[in-house]
Amino acid sequence: MNIIEIRELKKNYPLGTTTVHALRGIDMNIIEGDFLSIVGPSGSGKTTLLNIIGCIDSASEGSVKIGGVEITSLNDIEVTDMRLNRIGFIFQTFNLIPVLNVVENVEFPLLLMKKFTKAEVRKRADKLIDEVGLTDHAHHRPAELSGGQRQRVAIARALVTNPDIVLADEPTANLDSVTGGQILELMKEMNRIEKTTFIFSTHDENVLRYARDILKIRDGVLVKE
Amino acid sequence: MKFLIMISLRNLLRQKRRNILLGSAMAFGVLILVLATSFSHGISDIMFNKIVAYVAGHVNVSIREGKGQMISIFRDRDRLVKIVKEKTGDKLKDYDEGIGIFLRAIGNGKAENMVLVGVNMNKTYSDEQRKEYEESFHMIEGMFRDLLSTDVENPVILSKEKAALLNVKKSDTIRVRFNNIYGQTQSARLTVTGIMSNDNIFMQGVMFVEIKNIKEMMGYRPYESTAIHITLKNPQADAVQIADSIHEALKPGPAFIAADLSANGIRAKATIIPYMGNDDAMKKIISSSFTLISGKMDDVLMKSGVMVSDRIAAKLGLTPGSKMEFRYKPKFEAKIIPHSVEIKGVFRSDMTTGSDTVYMHEALFYPKFYDRVPDLTADVKDAFLPSPEAPFYKALGTEWVLLDRTRDSDEMRKKYRSISKRKIKAAAVDVNSMYESASDVLKLEGALNIITFGAVLVLFFIIVVGVINTLRMTIRERTREIGTIRAIGMQKKDVRTIFILESVFLTLFASAAGTILSFITMWLMSLKTFNVIDNPMGILLVKQHLYFLPTIGGVVKNILLILAISVVTAYFPAKRAAGMRAADALRHYE
Ligand SMILES: Nc1ncnc2c1ncn2[C@@H]1O[C@H](COP(=O)(O)OP(=O)(O)O)[C@@H](O)[C@H]1O
Ligand SMILES: [Mg+2]
């Protein structure tokens, strides 16, 4: 079953008087439960592609379906709900909320959903914090954590809502290779436990061994091996 | 929502330096604003409830008669008081006969110009009033109640300053010279029964005697009233409306005397009706409406003019030049005094003039009428009164002349100027609210409002500039964070709310701090004693201290105003922040 279906996707950025063609026509299907890596050099369009799949950027042309829903025609409120309920994000720079501690950061998306009791929220957050191995640091603020620990919090936060897809844009780029490896192992473990589809981008060929499927991207188009 | 509040509160603590700076500026603005409103409220309180209430009342009813219309004398006190009570109802705080006279006071070898004011000691005062009086008139010797003493002649209380100037002590006699209501120079002896210390320099030149004594000295009879000063519970709200309704109730009825005439040993009943002769228009109306059988109209229109109907003339055998007597039962006096007048004309009576009637020039009529107001309940039923449709009705006199209401002191002054030209013979009744009689004092309120407005303006700029700049910096710094929370799934309006709440909390804390500081400042400022002697600003002090009157309502109003300004100011940057595209925000690196 395809969780994501992309047809003829183009993305143009106006830049001064010229136009940057960041994506020049992408066609792809991603099956549910995949652990997919999108690999390509800097500037090849990885972030742009993930942003469009993640409903935080809009396509210029083409069609993007997530779970059968055409997202290019949704309004801002619907798109926001889509992100909240079906997508989890992991960022290169971790992007935790600095004024919230670990538990609070993980609880954050659940609170936005407004459909769980305080106790349910806490239970679910605790479970994920345990799974990423940060129970001892649950009440620390992000500034008190190492890069690897922060990314673990981000993973817990991305998964806490039980999303269909987790998008990770170069999740290991700001980490040393050992920690980066541990993070990818963790992601893969979570993919196994939670059956969530993972898509992560990287420009580092070394991390590809963690991926189940690999898509190469260059100058806004997918290239065959 | 709780969650958004938590985030915005924590965010507020992030840029401590910046927010403390902006918060201090806001707090300072609030401090100034609360100080300004409390001070100006204190001043209005002094003005409305102390100065204006003492000097002229919030509403005053005066009635002036006689030459130059300088004497305020209402001939039927009960009637006036009844109207005042009826029209003020439960809005009335107090009413008083206001009487004060300028006089020359001679003490032990020293003389001084002073003001003598009557106070009503027979009234029961509320605890609040008693406290107010005791606070403003601090008795050094004797007691206020001593004014009621009948053991000594005209007990008087004066300030220690004036007592020193006149070189008098308790029990000494002060001789005073003044003009009574009839314009005659009078002298009287006052006995010092009390000496007070008053911080209000206006009050230092005032001596107090019991109202009954001062009225007697001035020549008032017990049933007569001076001007009535009305103090209201809520003067700013009610003064004008109450002045209007008292004015309405004071519309005069026709003036007339149901008299017994006698001449040549014959008696007859007739109505004596005054006509106005003070201007040419009125004279014309009279001369064209009455036909004289004998006598000259020119004589009738003089100040001594009297014309009788043909029927009365025939009955009493009257011709121009002959004299007749008239008498009537006064309302208040037991003794009936006959008046003698000379007939100037005999008119042909008809339905409109009435046949048992005497028409009398107002100059002749009113002094007698006012001196002994007729009992209008006795014998009036058979009295003939011309119908309002009569062509000369407009030229007939009324019980008094009711002056038009005015809206401010300029209008009031204009009114008085035109009155003095009209040479009214009847008494002129005037109803004023403090907005006319004390508008000069009230102008001060306007000035204070400008100060307050200035404070609001300063605060407004602090908030607008401060909040916009702070938010702009904050939003730039947190751009990626905004992108993150939007990516995670927070709706635009919640992002906006977080930023607005941040400003609201900053404003609230700053307002609280500013309010607390302002109360400390007010307390410190009112500790200081000011020794103002002969400085008009002294009236703004209470017991030589600055007087602040903060109200919960006022403080809350100020804080709400400031909150409103900061919400409106924060709204636009917050909206822009929330409207950022998440993808762009996430790519933002400082
Ligand atoms: N907001 C933008 N405005 C203009 N050009 C952009 C913008 N975002 C990305 N680009 C351009 O689009 C291309 C793809 O960028 P990106 O998706 O970030 O690549 P990657 O993530 O693979 O490094 C690059 O040439 C980049 O300069
Ligand atoms: Mg990228």
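Letters A, B, ... are given to chains in the order of the sequence lines, protein chains preceding strands, and every chain is numbered from 1. Keep in mind the model is a prediction, meaning the values are calculated, not measured.
Using a 4.0 Å cut-off between charged nitrogen and carboxylate oxygen, A:Glu194 and A:Lys127 count as a salt-bridge pair. Using a 4.0 Å cut-off between charged side-chain N and carboxylate O, B:Glu502 and B:Arg14 make no salt bridge. Checked for salt-bridge contact, B:Arg10 and A:Glu104 meet the test: a charged N lies under 4.0 Å from a carboxylate O.
Of the atoms belonging to B:Asp584, not a single heavy atom falls under 4.5 Å from chain A. Residue A:Tyr13 touches chain B through its side chain alone, counting heavy-atom pairs closer than 4.5 Å. Within the 4.5 angstrom heavy-atom criterion, atoms from both the backbone and the side chain of A:Asn95 approach chain B. At a 4.5 Å heavy-atom cutoff, A:Ile52 makes no contact with chain B through either its backbone or its side chain. Proximity to chain B (any heavy atom under 4.5 Å) is shown, for A:Ile77, by both the backbone and the side chain. Looking at A:Phe91, only its side chain comes within 4.5 Å of chain B, counting heavy atoms on both sides. With a 4.5 Å cut-off on non-hydrogen atoms, B:Arg478 does not touch chain A at all. For chain B, no part of A:Asp169 is nearby; none of its heavy atoms comes within less than 4.5 Å. For B:Leu4, no part lies under 4.5 angstrom from a heavy atom of chain A.
In this structure, B:Phe499 has its ring center at least 6.0 angstrom away from the ring center of B:Tyr571. The aromatic ring centroids of A:Phe200 and A:Phe35 lie less than 6.0 Å from each other.
Heavy-atom pairs under 4.5 Å with chain B peak, among A:Pro98, A:Gly88, A:Pro109, at A:Pro98. Ranked by heavy-atom pairs shorter than 4.5 Å toward chain B, the options A:Thr93, A:Val79, A:Leu111, A:Asp76 are led by A:Asp76. The most heavy-atom pairs under 4.5 Å with chain B, out of A:Thr80, A:Thr48, A:Leu84, come from A:Thr80.
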Determine whether A:Leu110 and A:Arg157 satisfy the following criterion, side-chain contact (heavy atoms from CB on, under 4.5 Å), listing intermediate values before the conclusion.
CA-CA 9 Å; A:Leu110 288 178; A:Arg157 179 177 69 181; over 6 Å; no
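The aromatic rings of A:His140 and A:His137 sit perpendicular, their planes meeting at an angle over 60°, well past the 30° parallel limit.
In B:Ile552, the CD1 atom is not crowded: 12 or fewer heavy atoms of neighbouring residues, nucleotides or ligands sit closer than 6.0 Å.
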